[in-house]
Chemist: 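Let me give you the structure first, and then I'll get to my questions.
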Amino acid sequence: MSAFLDLLPDRPRRLAVLGAGTVGRALLPRLAALEPTLSLCLLATSRWRCADPEGLPAGAALAAIALAQAGPDAAPDTVQAHDGSGDLPAWFGPGDVLVDATASEALAARHARWLQRGLRVVTANKLGVGGPLIRHQQVRRQVENGAWYGDAATVGAGLPLLRCVRDLRAGGDRVSALAGVLSGTLAWLFDGYDGSTPFSARVREAVALGYAEPDPRVDLSGEDVRRKLLILARAAGQPLDAGDVQVESLLTPALLGARDAASTDAALVSLDHALSVRARDAAARGNVLRYVARLDGAHARIGLESLPLGHALAQGGACDNRVAIWSCRYDQRPLVIQGPGAGAGVTAAALLDDIRRATT
Ligand SMILES: NC(=O)C1=CN([C@@H]2O[C@H](COP(=O)(O)OP(=O)(O)OC[C@H]3O[C@@H](n4cnc5c(N)ncnc54)[C@H](OP(=O)(O)O)[C@@H]3O)[C@@H](O)[C@H]2O)C=CC1
Ligand SMILES: N[C@@H](CC=O)C(=O)O
């Protein structure tokens with residue numbers, strides 16, 4: 001069936017974009033580059049969606065959903081309420097492209113089933129291949145059977161990290177170790193931080209810049225980095241699960257206990273003292289703080305490190321990710337990849353690249 005549809009000359013592929021937040025909104029204007037081979041037919045947030053098998057104008061769909069979100073009574077006829085479970089219209093089928101631009105656990109749990117149905121899945125959501133090992137394995141099984149899964153945006157916001165690890169393995173190389181800064185938010189927070197300004201104010205800025213996860217505690221706890229390290233480790237042939245990674249969380253009890261966005265924001269000040277002490281201590285030694293992920297064989301750990309200024313992993317600025325890869329080929333001096341690792345623009349561009357690959 002999928003192969004048959006792929007051969008149809010005059011039917012643009014349908015595109016569904018789930019998620020219209022920082023990343024989803026940045027993707028929409030870029031889709032014009034893929035017309036007329038691709039037609040946006042579904043746009044959804046967690047509670048509302050616009051859908052039309054013949055195609056939707058992206059700007060109007062976004063505006064209609066925004067009206068519905070502002071107040072259900074204002075919802076235009078073109079918008080329907082939905083339960084966020086990822087049920088798709090019957091007309092969305094094999095050969096069509098689905099983009100997951102959410103951080104939804106429920107949607108990530110559907111990736112393998114969507115692939116099995118013949119959909120091409122492109123994701124910024126790390127909970128698919130960076131979630132439970134079994135979920136990763138289900139997705140890989142579908143890919144081995146010919147399904148198309150684009151996950152470039154999940155690590156380094158599209159930096160050629162995952163591709164590099166996979167290419168090394170495909171060429172018969174063996175990735176023995178990885179080390180790097182994998183969080184754009186934490187890179188940005190610790191870039192130039194010497195403890196003299198409130199860390200909490202920096203976190204608020206990183207959220208405003210669109211670097212942080214929908215809940216910034218996912219960055220501060222190391223959970224976002226854990227997901228990325230799992231994705232890289234699995235690509236390197238290490239079938240690790242979340243519990244195999246030793247993680248140093250930066251969360252304080254006050255942040256752990258926060259119940260909603262407002263109390264999380266208020267609890268951010270609890271970070272200020274502890275982190276300023278660590279930053280001043282590092283500065284006194286001529287060092288800087290970096291939140292580093294390390295994989296050595298099957299051993300994985302993540303945490304805050306005090307590194308000399310000249311250290312390879314202390315380089316890079318702003319939200320840069322910087323990752324060193326050791327393999328048989330790169331055994332004496334590692335291969336190093338560096339660049340912006342978060343932000344709406346680079347992430348949306350990485351999704352667009354994957355959508356283009358999925359449709360050509
Ligand atoms: N920001 C970045 O730099 C990067 C982000 N990513 C990943 O991109 C994803 C999105 O991040 P971001 O845009 O910042 O997050 P936002 O919180 O800004 O947006 C998330 C969007 O997803 C929607 N959503 C949530 N659950 C569902 C659901 N079940 N069905 C349909 N839509 C749903 C939300 O709707 P509602 O408004 O109703 O809640 C919202 O529109 C995350 O997984 C993140 O890890 C990856 C690389 C870089
Ligand atoms: N919150 C993430 C966004 C990209 O994955 C980060 O800061 O790296």
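For ligands, and for the atoms within them, numbers begin at 1 and follow the listed sequence.
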Chemist: Between G156, S46, G128, A344, flag the one that comes closest to atom 26 (N) of ligand 1 by a heavy atom.
Modeler: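 Result: the heavy atom closest to atom 26 (N) of ligand 1 is in S46.
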Chemist: Using a strict 4.0 Å cut-off to heavy atoms of G343, name the atoms of ligand 1 that fall inside it.
Modeler: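 Answer for ligand 1: 2 (C), 3 (O).
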Chemist: Please state which protein non-hydrogen atom is closest to atom 5 (O) of ligand 2 and give its distance, to 0.1 Å?
Modeler: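 I find the closest protein heavy atom is K126 NZ, 2.8 Å.
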Chemist: Any salt bridge between D354 and R120, counting N to O under 4.0 Å?
Modeler: no
Chemist: Looking only at protein heavy atoms, which one is nearest to atom 23 (C) of ligand 1, and what is the separation?
Modeler: G19 CA, 3.7 Å
Chemist: Identify whether the distance between the nearest side-chain nitrogen and carboxylate oxygen of R135 and E105 falls below 4.0 Å.
Modeler: yes
Chemist: Out of all atoms in ligand 1, which are within 4.0 Å of some heavy atom of A342? Include the element for each.
Modeler: 3 (O)
Chemist: Could you check atom 10 (C) of ligand 1 against the protein and tell me its nearest heavy-atom contact, residue, atom and distance included?
Modeler: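 Ranked first by proximity to atom 10 (C) of ligand 1 is A101 O, 3.4 Å.
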Chemist: Is it the case that the side chains of S196 and D194 hold a donor-acceptor pair, with the cut-off being a distance below 3.5 Å and no angle test?
Modeler: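 There is such a pair (donor and acceptor under 3.5 Å, judged by atom type) between the side chains of D194 and S196.
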Chemist: List every atom of ligand 1 that sits less than 4.0 Å from any heavy atom of A103, numbering the atoms from 1 in the order shown and giving each element.
Modeler: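 Near A103, meaning under 4.0 Å from one of its heavy atoms, ligand 1 has 42 (C), 43 (O).
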Chemist: Pick whichever of G21, P214, G341 has a heavy atom sitting closest to atom 15 (O) of ligand 1.
Modeler: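 Among G21, P214, G341, the closest heavy atom to atom 15 (O) of ligand 1 comes from P214.
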Chemist: Hey, looking at atom 32 (N) of ligand 1, which of L43, T45, L127, L18 has the closest heavy atom?
Modeler: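 Looking at heavy atoms only, T45 sits closest to atom 32 (N) of ligand 1.
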Chemist: For the CD atom on Q137, are there more than 12 heavy atoms of other groups (residues, nucleotides or ligands in this structure) within a distance under 6.0 Å?
Modeler: yes
Chemist: Between A68 and V79, what is the shortest heavy-atom contact and its length?
Modeler: CB-CG1, 3.8 Å
Chemist: Given side chains that start at C-beta, do those of R227 and V218 come closer than 4.5 Å, heavy atoms only?
Modeler: yes
Chemist: Examine the proximity of ligand 2 to D224 and report which part, side chain or backbone, both or neither, has a heavy atom under 4.0 Å away.
Modeler: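 The answer is the side chain of D224.
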Chemist: Taking both backbone and side-chain atoms of L107, is any N or O found less than 3.5 Å from an N or O belonging to ligand 1?
Modeler: no
Chemist: Below the 3.5 angstrom mark, is there an N/O of R47, backbone or side chain, next to an N/O of ligand 1?
Modeler: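 No; every N/O pair is 3.5 Å or more apart.
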Chemist: Can you check whether G24 has an N/O within less than 3.5 Å of an N/O in ligand 1?
Modeler: no
Chemist: What atoms in ligand 1 come closer than 4.0 Å to a heavy atom of N125?
Modeler: 43 (O)
Chemist: From atom 47 (C) of ligand 1, work out which of A348, G184, A153, A124 has a heavy atom at the shortest distance.
Modeler: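 Result: the heavy atom closest to atom 47 (C) of ligand 1 is in A153.
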Chemist: Find all atoms of ligand 1 within a distance of less than 4.0 Å from any non-hydrogen atom belonging to G84, and give their numbers and elements.
Modeler: 28 (C), 29 (N)
Chemist: Looking only at N/O atoms, are A342 and ligand 2 under 3.5 Å apart anywhere?
Modeler: no
Chemist: Examine ligand 1 and decide if any of its atoms is less than 4.0 Å from a heavy atom belonging to Q69.
Modeler: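 It does, in that a heavy atom of Q69 comes within the 4.0 Å cut-off of ligand 1.
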Chemist: To the nearest 0.1 Å, how far is atom 7 (O) of ligand 2 from its closest protein heavy atom, and which atom is that?
Modeler: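 Answer for atom 7 (O) of ligand 2: T185 OG1, 2.5 Å.
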Chemist: Under 4.0 Å between a Lys/Arg side-chain N and an Asp/Glu carboxylate O for R234 and D241?
Modeler: yes
Chemist: List the closest protein heavy-atom neighbour of atom 48 (C) of ligand 1: residue, atom name, distance to the nearest 0.1 Å.
Modeler: T347 OG1, 3.0 Å
Chemist: Is T102 in polar range of ligand 1, meaning some N or O pair under 3.5 Å apart?
Modeler: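 Min N/O separation from ligand 1 is below 3.5 Å for T102.
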Chemist: Between Y193 and F199, does the ring centre distance come in under 6.0 Å?
Modeler: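 Yes - the distance between ring centres of Y193 and F199 falls below the 6.0 Å cut-off.
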Chemist: Is the closest N or O pair between K126 and ligand 1 shorter than 3.5 Å?
Modeler: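 By distance alone, the answer is yes.
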Chemist: So is A157 touching ligand 2 or not, going by heavy atoms under 4.0 Å?
Modeler: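 A157 does not count as a contact of ligand 2 under the 4.0 Å cut-off.
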Chemist: When you measure from the side chain of Q80 to the backbone N and O of T78, does any donor-acceptor pair fall under 3.5 Å?
Modeler: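 Answer holds: yes.
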Chemist: Should the pair E144-R141 be classified as a salt bridge under the 4.0 Å nitrogen-to-oxygen rule?
Modeler: no
Chemist: Taking NZ, NE, NH1 and NH2 as the nitrogens, is one of them in D151 or R166 under 4.0 Å from a carboxylate oxygen of the other?
Modeler: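 Salt bridge: yes.
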Chemist: Do the charged groups of R278 and D281 touch, with an N to O distance under 4.0 Å?
Modeler: no
Chemist: With heavy-atom distances below 4.5 Å as the criterion, would you say the side chains of L18 and L107 are in contact?
Modeler: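 In contact.
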Chemist: Could you say whether the N/O atoms of E213 and ligand 2 ever approach to under 3.5 Å?
Modeler: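 For ligand 2, there is an N or O atom that lies under 3.5 Å from one belonging to E213.
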Chemist: In the protein, which heavy atom is nearest to atom 45 (O) of ligand 1, and how far is it?
Modeler: E213 OE1, 2.5 Å
Chemist: Run the numbers for me: atoms of ligand 1, each under 4.0 Å from some heavy atom of G210, listed by number.
Modeler: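 Going through ligand 1 atom by atom, the ones under 4.0 Å from G210 are 1 (N), 2 (C), 3 (O).
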Chemist: Do you know the tightest heavy-atom contact between L289 and L275?
Modeler: CD1-O, 4.4 Å
Chemist: Less than 3.5 Å between some nitrogen or oxygen of A20 and one of ligand 1, yes or no?
Modeler: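 N/O-N/O distance under 3.5 Å: yes.
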Chemist: Without placing hydrogens or testing angles, list every side-chain donor-acceptor pair under 3.5 Å for residues 317-325, not counting sequence neighbours.
Modeler:
residue: D320; atom: OD2; partner: G317; partner atom: N; Å: 3.3
residue: D320; atom: OD2; partner: Q338; partner atom: NE2; Å: 3.1
residue: R322; atom: NE; partner: A312; partner atom: O; Å: 2.5
residue: R322; atom: NH1; partner: Q338; partner atom: OE1; Å: 2.0

Chemist: What is the closest protein heavy atom to atom 14 (O) of ligand 1, and at what distance does it sit?
Modeler: T22 CB, 3.5 Å
